[in-house]
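All heavy atoms count here, side chains included; hydrogens, waters and symmetry mates do not.
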Amino acid sequence: MNASEFESCIRACLDCAVACDTCAASCLREDDVAMMARCIQTDMDCADMCRTAAALMARQSDFARAFCKLCADVCRACGEECAKHDADHCQACARACHACAEECERMAA
């Protein structure tokens, strides 16, 4: 597989990482931060997973497909958590996570 075949998944992963970082930072500014703790944690985990998946794909690592499968699982979990909250940043993050999960599942197949 060449690098161009990874392009849309890399883009989705990087978009998701930014959405997760934005969501986590925004959640930390909410009035009830304790209520957002699970959202913040999954945002941070997902952002790290997405950045790592993008890096593995960019260098065409032998582990990219397997990592993309795990990344999809984390993105799904983060998307589900964010979708529970009404804040715009959580809803935007949920959309980015679901889109990334789909791309990563396609890549892992």
Looking only at heavy atoms, which two atoms of Leu56 and Phe63 are closest? And how far apart? CD1-O, 4.5 Å
Would you give the length of the straight line joining atom CD1 of Ile40 to atom CG of Asp45, rounded to the nearest 0.5 angstrom? 12.0 Å
Find the distance between CG (Asp31) and CZ (Arg29) and round it off to the nearest 0.5 Å. 12.5 Å
So do the side chains of Val33 and Cys27 get within less than 4.5 Å of each other, counting heavy atoms only? no
Check this for me: does any side-chain nitrogen of one of Arg106 and Glu102 sit under 4.0 Å from a carboxylate oxygen of the other? no
For Asp43 against Ala24, the heavy-atom pair lying closest together: OD2-N, 3.2 Å
Could you measure the distance from the CD atom of Glu80 to the NE2 atom of His98? Nearest 0.5 Å is fine. 6.5 Å
Could you go through the salt bridge (charged side-chain N to carboxylate O under 4.0 Å, His left out) check for Asp15 and Arg11 one step at a time? CA-CA 6 Å; Asp15 289 348; Arg11 192 173 319 108; over 6 Å; no
Cys97 to Cys20 - nearest heavy-atom pair and separation: SG-SG, 3.8 Å
Smallest separation among heavy atoms of Arg65 and Ala109, with atom names: NH1-O, 3.4 Å
Could you tell me if His89 and Glu30 have a donor-acceptor pair between their side chains, going purely by distance under 3.5 Å? yes
Quick one: pull up SG in Cys104 and CE in Met49 and give me the separation to the nearest 0.5 Å. 8.5 Å
Any donor-acceptor pair under 3.5 Å linking the side-chain atoms of Glu81 with those of Thr42? no
Test your reading of the model: is there a side-chain donor-acceptor pair from Arg76 to the backbone of Ala101, 3.5 Å cut-off? no
Using a 3.5 Å distance criterion without hydrogens, assess whether the side chain of Glu105 forms a donor-acceptor pair with backbone atoms of Lys69. no
Are Leu14 and Val18 close enough, and set up right, to give a side chain to side chain contact (heavy atoms under 4.5 Å, CB included), and what steps lead you there? CA-CA 6 Å; Leu14 295 176; Val18 169; 5.8 Å; no
Under a 4.5 Å cut-off applied to non-hydrogen side-chain atoms, are Phe67 and Met57 in contact? no
Can you see which heavy atom on Cys71 is nearest to which on Cys13, and at what distance? SG-SG, 4.5 Å
Using 0.5 Å steps for rounding, measure from the CE atom of Met44 to the SG atom of Cys78. 11.0 Å
Residue Asp32 excluded, over 12 heavy atoms near CG under 6.0 Å: yes
Please find the pair of heavy atoms, one from Arg51 and one from Asp21, that lie closest to each other, and give the distance. NH1-OD2, 2.8 Å
Would you please test Cys90 and Met36 for side chain to side chain contact (heavy atoms under 4.5 Å, CB included) and show each step? CA-CA 10 Å; Cys90 288; Met36 303 305 287; 3.8 Å; yes
